[in-house]
Q: 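After the structure tokens below, expect a handful of questions from me.
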Amino acid sequence: MAFTSPPDPAAFDARVYRVVCAIPPGRVMTYGQIAELVGRPAGVAARTYAGVAARWVGAAMARAPDFVPWQRVINSQGRISPRPGRGPDEQRRLLEAEGVEFSARGRVDLERFGHHGRQ
DNA sequence: ATTATGACTCCCA
DNA sequence: GTGGGAGCCATAA
């Protein structure tokens with residue numbers, strides 16, 4: 001996961017949690033979107049930020065407090081990234097309970113359920 | 001000290 | 001639309 005920790009991991013995590021907590025129920029956001037919304041720290045190349053920061057977000061989510069709606073964070077393909085240890089479909093069940101629909105191949109239509117930041 | 005292991009995204013075949 | 005490789009490091013055992 002994390003390639004190079006963010007300049008200020010604690011602050012980065014806090015911003016990530018704030019953004020994730022702002023995602024309304026029934027909506028989802030990608031790791032990359034969150035990374036962009038949180039803002040690219042100075043000193044990090046723009047091109048590499050996309051892939052790297054997404055993993056920072058993933059790492060932050062791995063340590064996320066209970067109140068963070070982690071289930072609303074999925075990858076850029078609209079698919080659920082498998083989490084180590086947890087139930088394989090736990091995230092999907094939680095999202096479906098909120099009204100998020102999955103395609104036959106298990107993908108979420110980001111055009112319909114994606115959250116573009118703000119509300 | 002060495003090894004294994006990552007909640008990802010982009011780009012190209 | 002799907003699949004594989006690159007990017008390139010911190011942390012735990």
Side-chain angles (χ1 to χ4, degrees):
Chain A
M1 82 177 143
F3 276 31
T4 311
S5 297
D8 187 341
F12 185 86
D13 287 5
R15 295 194 201 100
V16 169
Y17 300 154
R18 191 180 63 216
V19 171
V20 174
C21 285
I23 305 174
R27 290 326 228 4
V28 297
M29 221 170 184
T30 69
Y31 298 94
Q33 271 184 321
I34 293 169
E36 287 299 323
L37 209 60
V38 164
R40 177 168 57 88
V44 181
R47 187 192 175 291
T48 57
Y49 184 65
V52 174
R55 278 175 294 200
W56 290 349
V57 173
M61 296 309 295
R63 302 185 181 294
D66 310 359
F67 60 83
V68 178
W70 54 269
Q71 73 273 21
R72 294 175 197 147
V73 184
I74 60 179
N75 65 35
S76 66
Q77 291 184 21
R79 305 175 82 251
I80 290 176
S81 294
R83 290 175 307 155
R86 297 293 180 179
D89 298 320
E90 184 180 349
Q91 186 168 5
R92 173 169 176 163
R93 285 190 292 99
L94 287 170
L95 289 176
E96 290 181 317
E98 295 181 351
V100 175
E101 296 170 22
F102 284 76
S103 71
R105 285 206 181 75
R107 285 182 303 186
V108 173
D109 185 348
L110 293 175
E111 295 297 313
R112 295 175 55 196
F113 301 101
H115 177 57
H116 180 56
R118 302 305 297 172
Q119 300 173 34

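A note on names: the letters A, B, ... follow the listed sequences, proteins ahead of strands, and every chain is numbered from 1.
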Q: Using a heavy-atom cut-off of under 4.0 Å over every strand shown, decide if A:Arg72 touches base, sugar-phosphate, or nothing.
A: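 Here A:Arg72 touches no strand at all.
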Q: Quick check on C:dT2: is either OP1 or OP2 less than 4.0 Å from any side-chain nitrogen or oxygen of A:Arg105?
A: yes
Q: Over how many whole Å does the gap from A:Asn75 atom CG to B:dC11 atom P extend?
A: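 One finds 16 Å between P of B:dC11 and CG of A:Asn75, rounded.
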Q: Hey, does the side chain of A:Arg63 come within less than 4.0 Å of C:dT11's phosphate (OP1/OP2), counting only N and O?
A: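 So the side-chain polar atoms of A:Arg63 never come under 4.0 Å of the phosphate oxygens OP1 or OP2 of C:dT11.
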Q: CG of A:Leu110 versus C1' of C:dG1: gap in Å, rounded?
A: 15 Å
Q: In whole angstrom, what separates A:Arg107's CZ from C:dG1's C1'?
A: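 Checked: the CZ to C1' distance equals 7 Å.
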Q: Expressed in whole Å, how much space separates the C1' atoms belonging to C:dA6 and B:dG6?
A: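 Here C:dA6 and B:dG6 have their C1' atoms 16 Å from each other.
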Q: Looking only at atom types and distance, does a side-chain atom of A:Gln91 sit under 3.5 Å from a main-chain N or O of A:Val73, one as donor and one as acceptor?
A: yes
Q: Taking 4.0 Å as the cut-off, does a side-chain nitrogen or oxygen of A:Ser76 come that near to OP1 or OP2 on B:dC8?
A: no
Q: When you compare the side chain of A:Met29 with that of A:Val20, does any pair of heavy atoms fall below 4.5 Å?
A: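 When only atoms from C-beta onward are counted, A:Met29 and A:Val20 do not touch, as no gap falls below 4.5 Å.
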Q: For A:Arg55 and C:dG7, is the shortest distance between a side-chain N/O and OP1 or OP2 below 4.0 Å?
A: no
Q: Rounded to the nearest angstrom, tell me the gap between atom CE in A:Met61 and atom P in B:dG6.
A: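 Rounded to the whole Å, the gap is 18 Å.
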Q: Using the P atoms only, state how far C:dA10 lies from B:dA1, rounded to an integer number of Å.
A: 15 Å
Q: Any side-chain heavy atom of A:Pro25 sitting closer than 4.5 Å to one from A:Arg72?
A: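 Yes, close enough: below the 4.5 Å cut-off.
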Q: How close do A:Ala53 and A:Phe12 get, counting heavy atoms only, and between which atoms?
A: O-CZ, 4.3 Å
Q: To the nearest Å, how far apart are A:Gln77 CD and B:dT9 P?
A: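 In whole Å, B:dT9 P and A:Gln77 CD are 8 Å from each other.
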Q: When the distance from OH of A:Tyr31 to C1' of B:dC10 is rounded to whole Å, what number comes out?
A: 17 Å
Q: Starting at atom CZ of A:Arg79, determine the distance to atom P of B:dT9, rounded to an integer number of angstrom.
A: 12 Å
